[in-house]
2 protein chains.
Amino acid sequence: MARTTGSDGEKTEAAVREAAVGLIARLGYEAMSMRQLAAEVGVQAAALYRYFPTKEELLFTLMREHMEGLLESWGTARPITPDPVARLAAYVENHIAFHIERRHATHVSNMELRSLSHERLTQILKLRTAYEKELRAILRDGAEAGAFEIDDVGLTAMALIQMMTGVIVWFRPGERLSIAEVTTTYLSMTMRLVGAKIAYSDARQLRMR
Amino acid sequence: MARTTGSDGEKTEAAVREAAVGLIARLGYEAMSMRQLAAEVGVQAAALYRYFPTKEELLFTLMREHMEGLLESWGTARPITPDPVARLAAYVENHIAFHIERRHATHVSNMELRSLSHERLTQILKLRTAYEKELRAILRDGAEAGAFEIDDVGLTAMALIQMMTGVIVWFRPGERLSIAEVTTTYLSMTMRLVGAKIAYSDARQLRMR
DNA sequence: ATATTAATAAAACGAACGTTCAATTAATTC
DNA sequence: GAATTAATTGAACGTTCGTTTTATTAATAT
């Protein structure tokens, strides 16, 4: 056999991406073989190389697109208001929603960095830093405006991101808590952590106007 | 050649453990080969099998001892006082100190769980759950006593642990912040996050008496 | 000194890995 | 309907993997 009936490059590539995210998230990048991935897609291993020149390039593509998606998501969700509380609330809501929706891809982007070449690692870290910078700006503005009580902006940003991203470790859709409940709780924890002067519910109303 | 002059089983085993933690933390369990590990120790790959029957057993041993060490550390540091604020402060201080001291081992224990067999994974998770249970008990007591303001004890516990353990991702000894400074900042963030009624510095004094 | 035990080296095992290549067939274009 | 292009298979490449076996030497006990 060779080309199969109904075969379509675009569909196959999409299926490869999807299967790769799932397999790498579950088994790890090193533990997943190209033959395993091919079997999941329903194709022979050689066919994968039509879409991705190497295994690492596949990993890199998945990671880059995930990080670009995160930045784009925040670019859309970012509010215009200068109010730090409202901006922080928007950041938290977007972060949690995005990461819960893409649990597997987040796992891949966070856990498999060491499998990238130095050059590709730098590219991913650049995107990540740009995203974290947004949070630091919000925290700094809030601290300067007296809206937040923060000891160390950089450290607080890292703590918040670790806390929020950690959701994907234990959260399972359809279990005890809904996404909305989780987000609400994380919002109030965040606001207390940064010593926000206004409760987040007020901030929410502010943003709504 | 065969047995080398000055060779000693205990020393070799210790060297294997140490080298394995470092290599797995840096490269990942799957990416580290037994030959690489042997080279790091200065020995042939076959010699490793005198101390660990399989590669997975080696990983499991490292993880189990790390988790047991964590539980033992908390067992020693745990204060007698019923005051939730003092107990939470002790938990945070112990957690951060332990994890910063054992950055590499923590990395291994957190990142390589998927490389364990189902049975061994269960054993490690049991230890982890026991440790997390201690934090939940502190939070519950504090919430019931009115010392804390907590929406959801389980969720708060997970958020705190993710936040605290996240230190090992970015903290590098000898950089901008000292361990003491980091710990102090994380303590105040923690106390604000749980809505502690007393500042942690007061709690510290309470514990000191 | 001799016998025994501990610690290692050296070589080999089959299996699996990422990747390449040539052949083959489906879909598309002319 | 013939020619071309797109998509895939099947087989093979050399390498590396975890692990086992056997032989050899150092340290220890007798």
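Chain letters run A, B, ... following the sequence lines, proteins first and then strands; every chain starts at 1.
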- Item | Whole angstrom value for the distance that separates P of D/dT28 from CD of B/Glu10 | 12 Å
- To the nearest angstrom, the NZ-P distance between B/Lys11 and D/dA26 comes to 17 Å
- Item | 5'-most by nearest nucleotide on DNA chain D - A/Arg50 or B/Tyr49 | A/Arg50
- Separation of B/Gln36 atom CD from D/dG18 atom C1', in whole Å? 14 Å
- Using a cut-off of strictly less than 4.0 Å, decide whether B/Tyr51 has a side-chain nitrogen or oxygen near OP1 or OP2 of C/dA6. no
- For the pair A/Thr76 (side chain) and A/Glu72 (backbone), establish whether a donor and an acceptor sit closer than 3.5 Å, ignoring hydrogens and angles. yes
- Check ion pair A/Glu65-A/Arg17 (N to O, under 4.0 angstrom): yes
- Here the distance between atom P of C/dC17 and atom CE of B/Met34, to the nearest Å, is 18 Å
- Query: Got a salt bridge between A/Arg114 and B/Glu112, using NZ or NE/NH1/NH2 to carboxylate O under 4.0 Å?
  - Reply: yes
- So what does B/Phe52 hit on the nucleic acid, given a heavy-atom distance under 4.0 Å: a base, only sugar-phosphate, or nothing? nothing
- Rounded to whole angstroms, how far apart are CG on B/Leu37 and P on D/dG18? 10 Å
- Item | Between P of C/dG18 and CD of A/Glu30, the distance in whole Å | 9 Å
- Phosphate contact (D/dT8 OP1 or OP2) by A/Thr12 side-chain N/O below 4.0 Å: yes
- Task: Report the distance from atom CG of A/Leu48 to atom P of C/dC17, rounded to the nearest whole Å.
- Result: 13 Å
- Any side-chain N or O of B/Ser33 under 4.0 Å from OP1/OP2 of D/dC17? yes
- Can you name the one residue among A/Trp74, A/Tyr186, A/Phe98 that meets ring pair (Phe, Tyr, Trp, His ring centres under 6.0 Å) with A/Tyr91? A/Trp74
